[in-house]
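By convention in this document, chain letters (A, B, ...) are assigned in the order of the sequence lines, proteins followed by strands, and residues within each chain are numbered from 1. Basis for what follows: all heavy atoms, side chains included, without hydrogens, waters or symmetry-related copies. Please read all numbers here as calculations on a predicted model, not as lab measurements.
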There are 2 protein chains.
Amino acid sequence: MRLSTKAQYAVRAMVSLHLHGTGAPVSLRDIAVREEISLQYLEQLFSKLRRGGIVDSVRGTGGGYVLARTATDIRVDEIIDSVEETLVPVSCMDDSGRCSCSEQCVTHNVWQGLAEGIRGYLASYTLDDLTRQAQTKWSGPSA
Amino acid sequence: MRLSTKAQYAVRAMVSLHLHGTGAPVSLRDIAVREEISLQYLEQLFSKLRRGGIVDSVRGTGGGYVLARTATDIRVDEIIDSVEETLVPVSCMDDSGRCSCSEQCVTHNVWQGLAEGIRGYLASYTLDDLTRQAQTKWSGPSA
DNA sequence: AAATTAATTGACAGTTTTACTCAGGTATGA
DNA sequence: TCATACCTGAGTAAAACTGTCAATTAATTT
Ligand code: FES
Ligand code: FES
């Protein structure tokens with residue numbers, strides 16, 4: 001049960017965007033260099049992040065991307081949703097935990113509980129949580 | 001982030017084995033018919049479940065498989081481990097949560113926490129929990 | 001002993017998903 | 001008008017997944 005690299009890259013890229021952003025737009029080229037992700041792959045990712053309402057784009061010279069909301073208001077599960085990776089561990093179940101089996105199958109409860117656990121955990125993490133950890137980490141063992 | 005059908009089938013097959021077992025070995029043919037899983041695919045799965053110490057095999061006429069331990073002592077995470085599906089959501093991290101990044105990467109904590117959550121949840125479920133739910137379910141809404 | 005049942009093994013192929021790349025186009029600021 | 005940077009959709013190679021096939025070994029029943 002692996003998260004796709006797409007989802008992992010999306011989270012890393014968002015951290016990078018927030019961490020190195022001074023309010024001015026950050027270009028994908030910068031992120032690509034810093035995180036060693038191909039520029040063209042990033043374009044694909046950010047196109048979805050924009051449609052997901054996570055970031056806003058600024059075109060033209062000096063353009064790039066900025067957060068669409070404050071970092072304390074962007075949850076990790078939203079980022080993953082935006083790049084279209086499901087967080088439900090079984091294909092028979094939709095996002096709200098409903099399943100074709102009408103709860104009659106023996107394994108329904110495990111999978112539903114697992115789905116809720118994963119969703120809940122990732123929803124408790126904000127982009128700001130991630131970046132603050134990064135900063136305290138780089139400034140030494142102050143935490 | 002999907003669990004493979006291999007893992008899902010393994011869990012279902014184990015429930016079937018326990019639920020319809022009277023102590024005597026249950027043949028894969030029975031499980032195959034009941035759960036509508038191909039016999040040959042089941043063979044592949046149970047070969048791994050045996051190596052994982054979850055079931056014991058009995059060869060010859062009247063043979064089949066039996067639980068290697070009591071159902072209250074078989075955890076769902078063990079079943080999934082046996083069929084060789086990882087429960088760690090990122091490839092850079094091993095089962096004990098150690099990672100090549102030496103905890104310096106910004107996303108380490110999220111993934112490690114997620115891994116622990118998934119493992120912990122599935123370890124709290126035993127095979128017996130699953131089958132008891134199935135029985136109360138089939139006997140009506142008594143729960 | 002012979003026949004039958006059933007586990008056991010390893011190889012193999014079809015399909016799907018992933019993880020990208022490529023080739024263009026469009027909007028903006030200098 | 002030129003450089004920058006976002007934007008889009010198509011295409012592709014590799015990997016993973018899902019399952020099948022063939023052949024063997026071991027135990028039991030007749
Ligand atoms: S068939 Fe999906 S949980 Fe029951
Ligand atoms: S590189 Fe794996 S969590 Fe840091």
Contacts under 3.5 Å, N or O only, protein and nucleotides 11-20 of chain D:
from: D:dT18; atom 1: OP1; to: B:Thr5; atom 2: N; distance (Å): 3.4
from: D:dT18; atom 1: OP1; to: B:Thr5; atom 2: OG1; distance (Å): 3.4
from: D:dT18; atom 1: OP2; to: B:Thr5; atom 2: N; distance (Å): 3.2
from: D:dT18; atom 1: OP2; to: B:Thr5; atom 2: OG1; distance (Å): 3.3
from: D:dT18; atom 1: O5'; to: B:Thr5; atom 2: OG1; distance (Å): 3.2
from: D:dT20; atom 1: OP2; to: B:Ser38; atom 2: OG; distance (Å): 2.5
from: D:dT20; atom 1: O4; to: B:Gln44; atom 2: NE2; distance (Å): 2.9

### Query
What does nucleotides 25-30 of chain C look like as a protein-contact string, B for base, S for sugar-phosphate only, - for none, at under 4.0 angstrom between heavy atoms?
-BSBB-

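- Salt-bridge check for A:Asp56 with A:Arg50: failed, with every basic side-chain N at 4.0 Å or more from each acidic carboxylate O.
- The aromatic rings of A:Tyr65 and A:Phe46 are tilted relative to each other, their planes meeting at an angle between 30° and 60°.
- When rounded to the nearest whole Å, the span between CD of B:Glu43 and P of C:dT9 equals 11 Å.
- The main-chain N or O of B:Lys6 is never found under 3.5 Å from a side-chain atom of B:Glu85 such that the two would form a donor-acceptor pair.
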### salt bridge (charged side-chain N to carboxylate O under 4.0 Å, His left out) evaluation trace for A:Glu84 with A:Lys48
CA-CA 8 Å; A:Glu84 286 156 18; A:Lys48 292 181 177 174; 3.4 Å; yes

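- A single hydrophobic cluster is not seen to contain both A:Met14 and A:Val66; linkage of ILVMFWY side chains at heavy-atom distances under 4.5 Å, directly or through other members, places them apart.
- For the pair A:Glu84 CD and C:dA19 P, the computed distance is 14 Å after rounding to whole Å.
- Residues A:Tyr125 and B:Leu114 are not in side-chain contact: their nearest non-hydrogen atoms beyond the backbone lie 4.5 Å or more apart.
- As a whole-Å value, the separation of B:Leu42 CG from C:dT8 P is 13 Å.
- Only B:Ser47, B:Arg50, listed by number, bring a heavy atom of residues 45-53 of chain B to less than 4.0 angstrom from any atom of DNA chain C.
- For B:Asp129 (side chain) and B:Thr126 (main-chain N/O), a donor-acceptor pair under 3.5 Å exists by modelled atom type.
- Across the protein-nucleic acid pair, A:Arg29 atom CZ and D:dT4 atom P stand 8 Å apart, rounded to whole Å.
- B:Val90 is not listed as a side-chain neighbour of A:Arg2, based on a closest heavy-atom distance of 4.5 Å or more.
- More than 12 non-hydrogen atoms from other residues, nucleotides or ligands lie less than 6.0 angstrom from CZ of A:Arg69.
- With hydrogens and angles disregarded, a donor-acceptor distance shorter than 3.5 Å links the side chain of B:Thr86 to the backbone of B:Val88.
- Cluster membership for A:Leu67 and A:Val15, using ILVMFWY side-chain heavy atoms within less than 4.5 angstrom, is shared.
- For C:dT8, one of the phosphate oxygens OP1 or OP2 lies less than 4.0 angstrom from a side-chain nitrogen or oxygen of B:Ser57.
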